[in-house]
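I have placed the structure first, in the form of structure tokens, so that the comments after it can refer back to it.
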Amino acid sequence: MIRNVRGDMGFMESMVSLMAVVIVIGLYVVFVASTAISANSPLEELDAELLIEETADGPRISDSYAYMYVFNKGLKGMSITVSAPFFQYAEETDIGEISDAEYRRTFLTLEGYANGRTLPTIVEVRAFA
């Protein structure tokens, strides 16, 4: 940017500087807003290992823990899917009303099953507030 003899910025240089400052402040506000929204997820305190009951037929969803969690967090509903390799079907459960704002979280746990096998188990949870 070219300055004049006195060292003052011209109109064009001041507008470019203003635009740079506005863009940086805008990006900062977007970053803070997205962090605040993700920090208030109701699934942060969910314990995926308590959500699974081990059986010989494969993983089962603990309905008592799921209902307790929905009630304690004041959620409208929750949808849970549990799947493990070598078992034919994934266990799915819907609790309450499945609509409105949705929060998602996926957990990967190691669970012990019959015959002493330890298998990775995928728990997908969607909460509706």
Q | Thr109 vs Ile52 side-chain heavy atoms within contact, under 4.5 Å | A | yes
(Q) Nearest 0.5 angstrom please: Met78 CE to Ile98 CD1, how far? (A) 9.0 Å
Q: Would you check, one step at a time, whether the test salt bridge (charged side-chain N to carboxylate O under 4.0 Å, His left out) holds for Glu102 with Arg104?
A: CA-CA 7 Å; Glu102 179 178 334; Arg104 287 180 180 248; 2.8 Å; yes
Q) Is the side chain of Arg105 donor-acceptor paired with the backbone N or O of Leu43 at a distance under 3.5 Å, no angle test? A) yes
Q. Does Leu75 share a hydrophobic cluster with Leu50, counting links as ILVMFWY side-chain heavy atoms below 4.5 Å and allowing steps through other members?
A. yes
Q: State plainly whether one hydrophobic cluster holds both Ile61 and Leu108, where clusters connect Ile, Leu, Val, Met, Phe, Trp and Tyr through side-chain heavy atoms under 4.5 angstrom apart.
A: no
Q.
Please determine whether side chain to side chain contact (heavy atoms under 4.5 Å, CB included) holds for the pair Lys73 and Glu45, giving the CA-CA distance in whole Å, both sets of side-chain angles, and the decisive distance to 0.1 Å.
A. CA-CA 10 Å; Lys73 291 296 180 180; Glu45 299 173 8; 2.6 Å; yes
Q: Before giving the answer on side chain to side chain contact (heavy atoms under 4.5 Å, CB included), spell out for Ile122 and Thr106 the whole-Å C-alpha distance, their side-chain angles and the decisive distance to 0.1 Å.
A: CA-CA 7 Å; Ile122 298 171; Thr106 302; 4.0 Å; yes
Q. Should Ser83 and Thr121 count as side-chain neighbours, where that means a heavy-atom distance under 4.5 Å?
A. no
Q.
Just so I know, are the side chains of Val123 and Leu51 near enough to count as touching, which here means a heavy-atom distance under 4.5 Å?
A. yes
Q: Check whether any side-chain heavy atom of Leu46 lies under 4.5 Å from a side-chain heavy atom of Phe107, and answer yes or no.
A: yes
Q) When rounded to the nearest 0.5 angstrom, what distance separates OG in Ser79 from CG in Asp94? A) 4.0 Å
Q | Minimum heavy-atom distance Pro120-Pro85, with the two atoms named | A | O-CD, 3.1 Å
Q: Give the other cluster members for Met19, using side-chain heavy-atom distances under 4.5 Å between Ile, Leu, Val, Met, Phe, Trp and Tyr residues; answer none if it is isolated.
A: none
Q.
side chain to side chain contact (heavy atoms under 4.5 Å, CB included) for Leu18 and Met15? Distances and angles first, verdict last.
A. CA-CA 5 Å; Leu18 175 70; Met15 286 293 109; 4.2 Å; yes
**Q.** Atom pair CD (Glu53) and OG (Ser64), whose distance is rounded to the nearest 0.5 Å
**A.** 6.5 Å
Q | Main-chain N/O of Asp47 paired with Tyr65 side-chain donor or acceptor, under 3.5 Å | A | yes
Q: Identify the two heavy atoms, one from Ser99 and one from Phe128, that lie closest to each other, and give their separation to 0.1 Å.
A: O-CB, 3.2 Å
Q) With the 4.5 Å side-chain cut-off for hydrophobic clustering, are Met68 and Tyr103 part of the same group? A) yes
Q) Are side-chain heavy atoms of Ile95 and Tyr67 found at a separation under 4.5 Å? A) yes
